[in-house]
Amino acid sequence: MSYTIISNDSQSAARAGILSTDHGQIETPVFMPVGTAGTVKAVYHRDLESDIKARIILGNTYHLYLRPGLEILKGAGGIHKFSSWNKPVLTDSGGYQVYSLSDTRKLREDGVVFRSHIDGSKHVFTPESVMDIQRIIGGDIMMAFDECTPFPCDYNYAEKSLKLTHRWLDRCIKHFDAQDPLYGYHQKLFPIVQGSVYRDLRTQSAETIAEYNREGNAIGGLSVGEPTEVMYEMTELVCGILPQDKPRYLMGVGTPANILEGIALGVDMFDCVMPTRNARNGMLFTQNGILNMRNEKWKDDFGPIDEAGTSFVDHQYSKAYLRHLFISKEILGAMIASEHNLAFYLWLVDEARKHIIEGDYLQWKNNMVKQVSQRL
RNA sequence: GGGGAGGUACCAGAGCGGUCAAAUGGGACAGACUGUAAAUCUGUUGGCUUCGCCUUCGGAGGUUCGAAUCCUCCUCUCCCCA
């Protein structure tokens, strides 16, 4: 895997690049649709590839480990073959589940004891076992096992958690480097910066992670409820420390505006459930703003879903029809909205890339942030 | 013609003398959602000058300090028998 920067923006930290993997090249900045359980919910792989133009998708260690389980994944020959997705995959480590499933897990030095949310059974995740599991899942990019700290989070806990995450990182790297991939293509490991909302902890973490000099680096523990300005502040701080020549991945972010701001701060990769989850709940993101498709005002709007949209769904279906589908709780509504939102997100990062290369990113971004944040 | 059951908020449907502007569903409307335990969750849903007041439980009277709840008549619906 290699990362090549094509263009650096002169007015911001934004850059355009190409990340190469054995399953293909990823032009950055990029948005990675989330496919937790081996599926980007409600979207065909066919559409993900040709209509949405997804360049890489996510899978989740915790969820795939519980279902279908390692035997099946191994038997299938990894997640690409199992799900018939031949482009790159990034697997999250389960560190987010340490946060989101905090009611059903116990944190220890060695690792985390989880209670399965499916059947209550007990499972232990250690940095080593999480590396092994991600080898079996077979993602092109694997993530270090960390604790995503909650917000708010007091300083003492944030510091303690950060140190644990760093010790785990060291174990992840040692174990990862001692193992070969199982399916004949390369896998890379990205470490994750933590440190909550504290500048000194973030600095310390970013410096620690920079020293490992891995193929890419991630920023975690943000977009968990902290003020947006704090998220930007931490991102800027960390991007200033992480290696310039390696891709930076801001985990779990975010809204279209968050992504555009993140790019300006030097982030190359994003993922978020928002375009898919919110789509299933009736929310559409467009370059002109946000729509709640359940709202009564769309009931007789027979115009296209999004005149400026790049997906076929934008022109094939009307707002009135899509509203009807949501009001009627028809599955097709979730499918159309998910496809639209993802196509929009991919369009957005693609436009960002063009403007970085053309040299007017900042100006374009400032205008676009205003547009996409409007409520329609 | 005879016998029986019943008419409650947008719909269905509890309530059967005061704690009822009226349970619960559904529908409608609005909001939330950021490395997915989410096709989920939350709020509102008679009116108003909204810590209170006014008008509501088929219609009209009546009993009572007090009625959606009891009585009388009217009216409408459904079921059974002829």
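Lettering follows sequence order; numbering is per chain, from 1.
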Which pairs would a plain distance check flag for residues 281-292 of chain A, meaning a side-chain donor or acceptor within less than 3.5 Å of a matching protein atom at least two apart in sequence or in another chain?
residue  : atom : partner  : partner atom : Å
A:Asn281 : ND2  : A:Arg277 : O            : 3.4
A:Thr286 : OG1  : A:Asn288 : N            : 3.0
A:Thr286 : OG1  : A:Gly289 : N            : 3.1
A:Thr286 : OG1  : A:Gly289 : O            : 2.8
A:Asn292 : OD1  : A:Arg294 : N            : 3.0

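- Nucleic acid contact class of A:Ile192 (heavy atoms, under 4.0 Å, all strands): base.
- Listed in residue order, the members of residues 294-302 of chain A having a heavy atom less than 4.0 Å from RNA chain B are A:Arg294, A:Asn295, A:Glu296.
- Scanning for side chain to side chain donor-acceptor pair (under 3.5 Å) contacts around A:Arg135 gives A:Gln187, with sequence neighbours left out.
- Applying a 4.0 Å cut-off to non-hydrogen atoms, none of the residues of residues 81-88 of chain A approaches RNA chain B.
- Within residues 26-43 of chain A, the residues having any heavy atom closer than 4.0 Å to RNA chain B are, in order of number, A:Val34, A:Thr36, A:Lys41.
- With a cut-off of 3.5 Å on both pairing distances, B:A14 has no Watson-Crick or G-U wobble partner at all.
- The side-chain hydrogen bond (donor to acceptor under 3.5 Å, both in side chains) pairs that include a residue from residues 344-360 of chain A are A:Arg55-A:Asp350, A:Glu351-A:Lys354, A:His355-A:Asp360, A:His355-A:Trp364, where partners are two or more places apart or lie in different chains.
- Residues satisfying the side chain to side chain donor-acceptor pair (under 3.5 Å) criterion with A:Ser84, sequence neighbours excluded, are absent altogether.
- Checked against ring-ring contact (aromatic ring centres under 6.0 Å, His included), A:Phe176 has no partners two or more places apart in sequence or in another chain.
- Between A:Gln97 and B:U36, a side-chain N or O to OP1/OP2 separation shorter than 4.0 Å is present.
- Counting non-hydrogen atoms under 4.0 angstrom, A:Asn60 reaches the backbone sugars and phosphates but no base.
- In terms of the ring-ring contact (aromatic ring centres under 6.0 Å, His included) criterion, A:His175 has no residue partners (sequence neighbours excluded).
- Partners of A:Asn217 according to the side chain to side chain donor-acceptor pair (under 3.5 Å) rule, which considers only residues two or more places apart in sequence or in another chain, do not exist here.
- Legend: residues meeting side chain to side chain donor-acceptor pair (under 3.5 Å) with A:Tyr44, ordered by chain and number and at least two apart, are absent.
- Listed by residue number, the members of residues 255-269 of chain A with any heavy atom below 4.0 angstrom from RNA chain B are A:Thr255, A:Asn258.
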